[in-house]
Amino acid sequence: MKLLTGIALVAYVASVWGNFVNMRSLQDNGDQKVENKIEEAIAPLREKIKDLEKSFTQKYPPVKFLSEKDRKRILITGGAGFVGSHLTDKLMMDGHEVTVVDNFFTGRKRNVEHWIGHENFELINHDVVEPLYVEVDQIYHLASPASPPNYMYNPIKTLKTNTIGTLNMLGLAKRVGARLLLASTSEVYGDPEVHPQNEDYWGHVNPIGPRACYDEGKRVAETMCYAYMKQEGVEVRVARIFNTFGPRMHMNDGRVVSNFILQALQGEPLTVYGPGTQTRAFQYVSDLVNGLVALMNSNVSSPVNLGNPEEHTILEFAQLIKKLVGSGSEIQFLSEAQDDPQKRKPDIRKAKLLLGWEPVVPLEEGLNKAIHYFRKELEYQANNQYIPKPKPARIKKGRTRHN
Ligand SMILES: O=c1ccn([C@@H]2O[C@H](COP(=O)(O)OP(=O)(O)O[C@H]3OC[C@@H](O)[C@H](O)[C@H]3O)[C@@H](O)[C@H]2O)c(=O)[nH]1
C-alpha cells in the first residue's frame, strides 16, 4: 500500500513537474518571440545611432607627421578656391599647418570642409584687400577671381584684390619674414606675339581692354613682388600659371573646360567663341599644385611658367570633350570675345631645368576625372533642384558693386 502510495506520489510529482517544465518552455518560447520582435523593431534605430556616431567622429584624409623643425606654418590666400583647395589638401597631407584665407567670392567652404576641425587647419573668412596679421613661414598668394567672366564681373574689385591685396600680403611677408609665392598668370603675356611663351617675353597686353583688370593687375602684382624683394629683402616666388582644369572648378566658372563639359553632359550646344582656331594648352590641377610647391621650396626667385605644353585649338578641344562624354551636343559658334589671346602655349624649359618639374597627367585622363566630377555635381544639383548655367565671357551691363 505504502509502495503504491509512494509510486502514485512520484507519478503525481513527475506530472506536475512535467507540466511546469512544459509551461516554462512555452513561456520561454513566447518571451523569445517578443524579444525577436523588439530586436527587429530596434535594429534600424541601432543603425541610425551608428551612423550618427560616425558623423560625430570626423575622419580626415591621412596626414603625415612632421617634426617641429620640418613643419611649416603656411598661409594660402584664396585657399577655398579651385586651385587653392587642392594646394591646401597637398600641404595638409604633407603635415604642415595651413591657414586658409578666403572671402568666398569664387571660393567655397565645401572645397575645404573635409579639413574643418583638424588641429593643423584654420579657415578665416577675410578679404585680402584688408590687412591681415598672422604668424606664418610661407604665403601662397592665390586670392583673385581667375576666370574671365568672374574677373570682368567687377573689374575694380579685381584690380583692388591684385594690387592692394598683394601689397597687404607682401607687407605681411616683410613683417613676419615669410616667403611669398604669387600666383601670376599666362595672361601677363596678353595676346602674345612670341610662341611658345617663355619667361623673358614681356607680353602684349591692351591696358584699357576688358581683360586689363586681371592682366595688368597681375603684372603690377609681379612688379610689387620684385620691389619688395629688392627694397625690403622679402623672398618672393612668381608662378605664371597657364590654363588649368580639374575637379572643384565652379559650375558657374565660365572657363572653357567647365563650360564644354557641362554643356556636353546636359546635351546643350558647346559654345565656341569665334571660329575656334585660337589655341590653348591645358594642365591638370595636380600637376600645377606639385609645380607650385616645388617652386616655393626652390631657390628660383625669377618668374617660372607652370603649364602643360600640349596645344590644341578650341574647336579640337570641343570635339574631344564631346567624344569623352559620349554626347550628341552640337557645336555652336558665337561671336569672338574681345582681346581673346589667339595662341597660347607655355615654354616650360625653365621649370624642367630648375625645378625638375613637368606635367605628368595626360589630357584625356585629367578630362575624364573632371567629367566624373561634373557629372556628380549635376546629380547633386538636380537633387537640390538647382542647376546654374555657366556664364559666357561677356561684360555685364549696368553697374556692379565693388568693395
Ligand atoms: O564657353 C567658352 C569659353 C571659352 N571659350 C574660349 O576658350 C578659350 C579659353 O578660355 P578660358 O576662359 O577658359 O581661359 P582664357 O585662356 O581666356 O583665360 C585664362 O587664362 C589663364 C588663366 O590665368 C586664367 O584662368 C584665365 O584667365 C578662349 O579662347 C575663349 O574665348 C570658348 O570658346 N567657349
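Fair warning: this is a prediction, and the values are worked out from it, not measured in the lab. Order of listing sets the numbers, starting from 1, for every ligand and every atom in it.
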Close N or O approach (Ala146, ligand 1; < 3.5 Å) = yes

For Thr185, the ligand 1 atoms with a heavy-atom partner under 4.0 Å come out as 22 (C), 23 (O)

Pull out every atom of ligand 1 sitting under 4.0 Å from any heavy atom of Glu187, numbered as shown with elements.
-> 18 (O), 19 (C), 20 (O), 26 (C), 27 (O)

Residue portion contacting ligand 1 (non-hydrogen atoms closer than 4.0 Å) for Ile314 | side chain

side-chain hydrogen bond (donor to acceptor under 3.5 Å, both in side chains), paired with Ser144, selected from Thr106, Thr161, Asn162, Thr166 | Asn162

Option whose closest heavy atom lies nearest to atom 2 (C) of ligand 1, chosen from Thr271, Leu270, Leu315 | Thr271

Return the orientation label for the Phe282 and Phe317 ring planes: parallel under 30°, perpendicular over 60°, tilted otherwise.
-> parallel

Does at least one non-hydrogen atom of Lys218 fall below 4.0 angstrom from an atom of ligand 1?
-> no

When only distance counts, is Ser186 in polar contact with ligand 1, meaning an N/O pair under 3.5 Å?
-> no

If you draw a 6.0 Å radius around CZ in Arg175, do more than 12 non-hydrogen atoms from other residues or ligands fall strictly inside?
-> yes

CG (Asp94) and NZ (Lys64) are apart, to the nearest 0.5 Å, by 4.5 Å

Under the criterion side chain to side chain contact (heavy atoms under 4.5 Å, CB included), which of His118, Glu97, His114 is the partner of Met92?
-> His118

Would you mind listing which atoms of ligand 1 come within a distance below 4.0 Å of any non-hydrogen atom of Asp340?
-> 28 (C), 29 (O), 30 (C), 31 (O)

Which one holds for Arg280 and ligand 1: side chain close, backbone close, both close, or neither close, with close meaning a heavy atom under 4.0 Å?
-> side chain

Partner of Asn297 by side-chain hydrogen bond (donor to acceptor under 3.5 Å, both in side chains), out of Arg237, Gln138, Lys72 = Gln138

Which ligand 1 atoms does Asn243 reach within 4.0 Å, using its non-hydrogen atoms?
-> 14 (O), 15 (P), 16 (O), 19 (C), 20 (O), 21 (C)

Can you tell which of Arg211, Gln342, Gln263 gets a heavy atom nearest to atom 17 (O) of ligand 1?
-> Arg211

Ligand 1 to Tyr214, heavy atom cutoff 4.0 Å, flagged ligand atoms 23 (O), 27 (O)

State whether the shortest distance between N or O atoms of Ala337 and N or O atoms of ligand 1 falls below 3.5 angstrom.
-> no

Should the proximity of Gln332 to ligand 1, defined as any heavy atom under 4.0 Å, be assigned to the side chain, the backbone, both, or neither?
-> neither

Hey, is Asn259 touching ligand 1 through its side chain, its backbone, both or neither, going by heavy atoms under 4.0 Å?
-> side chain

How close do Lys345 and Pro196 get, heavy atom to heavy atom, and via which atoms?
-> O-CB, 3.2 Å

Heavy atoms only: which of Phe317, Tyr273, Phe82 is nearest to atom 3 (C) of ligand 1?
-> Tyr273

Check the pair Glu377, His250 against side chain to side chain donor-acceptor pair (under 3.5 Å), reporting the backbone distance first and the verdict last.
-> CA-CA 10 Å; Glu377 282 293 279; His250 203 291; over 6 Å; no

Relative to the ring of Tyr153, is the ring of Phe105 parallel (under 30°), tilted (30 to 60°) or perpendicular (over 60°)?
-> parallel

Any heavy atom of Ile241 under 4.0 Å from ligand 1? The part involved is backbone

Nearest 0.5 Å, what's the CZ-OG1 distance between Arg344 and Thr279?
-> 9.0 Å

Please report the closest heavy-atom contact between Pro303 and Glu222, naming both atoms and the distance.
-> CG-OE1, 4.3 Å

Is Gln197 close to His195 at the side-chain level, that is, under 4.5 Å between some pair of heavy atoms?
-> yes

For ligand 1, the portion of Gln278 having any non-hydrogen atom under 4.0 Å away = side chain

Residue Val272 vicinity, atoms of ligand 1 by number, heavy atom under 4.0 Å | 33 (O)

